[in-house]
Amino acid sequence: MAAPRWCPGGRWALYLCLCAALLPRPARGLTDRLYCGRRVCYEVLGVSRQASKAEIARAYRQLARQYHPDRYRGEPAGGEGSGVQAAHEKFLLIAAAYETLKDEETRKDYDYMLDHPEEYYRHYYHYYRRRLAPKVDVTIVILVTVCAISVFQFFSWWSSYNEAINYLASVPKYRIQATEIARQQGLLNKTKEKGKNRRSKEEIREEEEEIIKDIIKNKIDIKGGYQKPKIYDILLFQILLAPFYWCKYIVWYCWWIYCFTIKGQEYGVEEKLYIIRRYMKMSQSQFDSLEDHQKETFLERQLWIRENYEVYKREQEEELKKKMAMDPRWKRYRRWMKNEGPGRLTFIDD
C-alpha cells in the first residue's frame with residue numbers, strides 16, 4: 001500500500017495553523033473580575049503603556065472631572081450611552097484603571113498579565129493577594145501587640161507584688177518587726193498635731209500602715225513569682241535584649257566547657273547550685289524562692305553529683321508517699337475509690 005502524499009497546499013495550511021496558535025492573544029486574558037475587566041486600563045485612561053505616573057494622574061483627573069456623578073449634567077458619556085447611570089459606571093471604570101496603574105507593583109503585575117494571558121491562575125493569585133492584603137503594616141501590628149502585652153505584664157506583676165506586701169504586713173511576725181524598726185527610726189513617735197493641723201485617727205492609721213509596708217519592702221527580699229517587678233523582665237525588653245542574652249550564653253557556655261571539661265577544674269558554689277537546679281528542672285526564680293537552709297542541704301549532700309541526686313529524688317518520692325498515706329484526706333479518697341469509684345454503677349432497691 002503506497003504512503004499518502006502531502007499536497008503543498010495542506011503543508012502551508014498546517015504552518016499557518018501553528019503560527020496562529022503561537023500568536024499572543026491578550027484579549028482572552030482579560031476577565032470581568034480582574035482589574036478593569038474586559039477593557040484595557042491604558043485604553044480607559046487614554047494613555048500608552050509607556051506613560052509616566054504624572055501622565056496617568058493627569059489623564060485620570062481630566063476624566064474624573066468629566067464623569068464624576070456630582071459634576072455630570074447629562075452630557076453624552078463619550079459614545080457609551082448617556083445618563084447619570086452610564087456616567088457613574090464610566091467613573092468607576094476610570095477609578096479602577098487609575099488604582100491599577102498608579103502603583104508600580106500593581107502596574108507590573110497588570111503588564112505581565114497583558115503579555116502572558118495564558119497564566120490564568122497566577123493572575124488571580126497576584127490580584128487577590130494585593131486586594132486582601134492588610135492595609136496596615138504587619139510590623140506595626142506586632143509592635144503594638146508586644147507593647148500592649150508588656151504593659152499588661154508589668155502592671156500584673158506590680159499587682160502581685162503589692163498583694164505579697166499586704167499579706168506580709170498582716171502576718172504578726174513581720175508586722176511586729178517592722179513596727180519595732182519604725183519606732184527605732186522615729187517614724188511612729190511623732191508628736192500629735194494640735195489645732196487645725198490635727199488629723200483624724202483613720203489618717204494616722206493609714207500613714208502608719210504605709211510606713212510599715214515601706215519597711216517591709218526595704219527589709220524583706222521577696223523572691224519567686226511575687227518579687228518586685230523589673231522593667232528588663234517584660235516581653236518588650238526581653239525581645240530587644242535577646243541577641244545580647246544569646247551572645248552572653250554562648251560566651252558562658254564556652255567558658256564552662258573550657259574550665260570544667262577541658263581543664264577539669266572543680267565546681268564552685270554557684271556552679272554546683274546551677275547543676276542542682278538543672279537536675280531539679282526548676283527555673284531561676286523558682287530556685288531563688290527556696291530557703292537558704294534548703295540550698296545548704298543540697299550542697300551538704302553533694303547533689304550536683306548525678307548518683308547522689310538520684311538517691312535524694314527517690315527519698316523524696318518515698319517521703320511523699322508516706323505523707324499521702326498518713327493524710328486523712330488521701331485515706332478518704334482511696335476508700336472512696338475502692339468502695340465507690342468513678343466508674344462503678346450501684347443500684348438501690350426501692
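Sequential numbering from 1 along the given sequence is applied to the chain's residues.
- The hydrophobic cluster containing Phe155, built from Ile/Leu/Val/Met/Phe/Trp/Tyr side-chain heavy atoms closer than 4.5 Å, also comprises Val151.
- With sequence neighbours excluded, the residues forming a side-chain hydrogen bond (donor to acceptor under 3.5 Å, both in side chains) with Asn166 are Lys213, listed by chain and number.
- Sorted by first then second residue, the side-chain hydrogen bond (donor to acceptor under 3.5 Å, both in side chains) pairs that include residues 143-154, not counting sequence neighbours, number zero.
- Side-chain contact check for Glu310 versus Tyr279: every heavy-atom pair is 4.5 Å or farther apart.
- Applying the salt bridge (charged side-chain N to carboxylate O under 4.0 Å, His left out) definition to pairs two or more places apart or across chains, those involving residues 100-110 are Glu99-Lys102, Glu105-Arg130, Asp109-Arg130.
- Applying the ring pair (Phe, Tyr, Trp, His ring centres under 6.0 Å) test to residues at least two apart or on different chains, the pairs with a partner in residues 283-307 are Phe298-Tyr312.
- Contact check for Ile211 versus Glu207: side-chain heavy atoms found under the 4.5 Å cut-off.
- Using a 4.5 Å heavy-atom threshold, the side chains of Cys41 and Tyr110 count as touching.
- In terms of the side chain to side chain contact (heavy atoms under 4.5 Å, CB included) criterion, residue partners of Gln284 (sequence neighbours excluded) are, by chain and number, Arg277, Asp288.
- Applying the side-chain hydrogen bond (donor to acceptor under 3.5 Å, both in side chains) test to pairs two or more places apart or on separate chains, none has a residue in residues 228-248.
- The closest side-chain heavy-atom distance from Tyr267 to Ile275 is below 4.5 Å.
- For Tyr258, the side-chain hydrogen bond (donor to acceptor under 3.5 Å, both in side chains) criterion is met by no residue, not counting sequence neighbours.
- Residue pairs meeting the side-chain hydrogen bond (donor to acceptor under 3.5 Å, both in side chains) criterion with at least one partner in residues 169-180, sequence neighbours excluded, are Arg175-Glu209.
- Heavy-atom minimum distance, Leu93 versus Arg39: CD2-NH1, 4.0 Å.
- In this structure Arg301 satisfies the side-chain hydrogen bond (donor to acceptor under 3.5 Å, both in side chains) test together with Glu315, sequence neighbours excluded.
- Under the rule for a side chain to side chain contact (heavy atoms under 4.5 Å, CB included), the partners of Leu63 that lie at least two apart in sequence or sit in another chain are Leu45, Gln66, Tyr67, Ile94.
- In this structure Arg278 satisfies the side-chain hydrogen bond (donor to acceptor under 3.5 Å, both in side chains) test together with Tyr274, sequence neighbours excluded.
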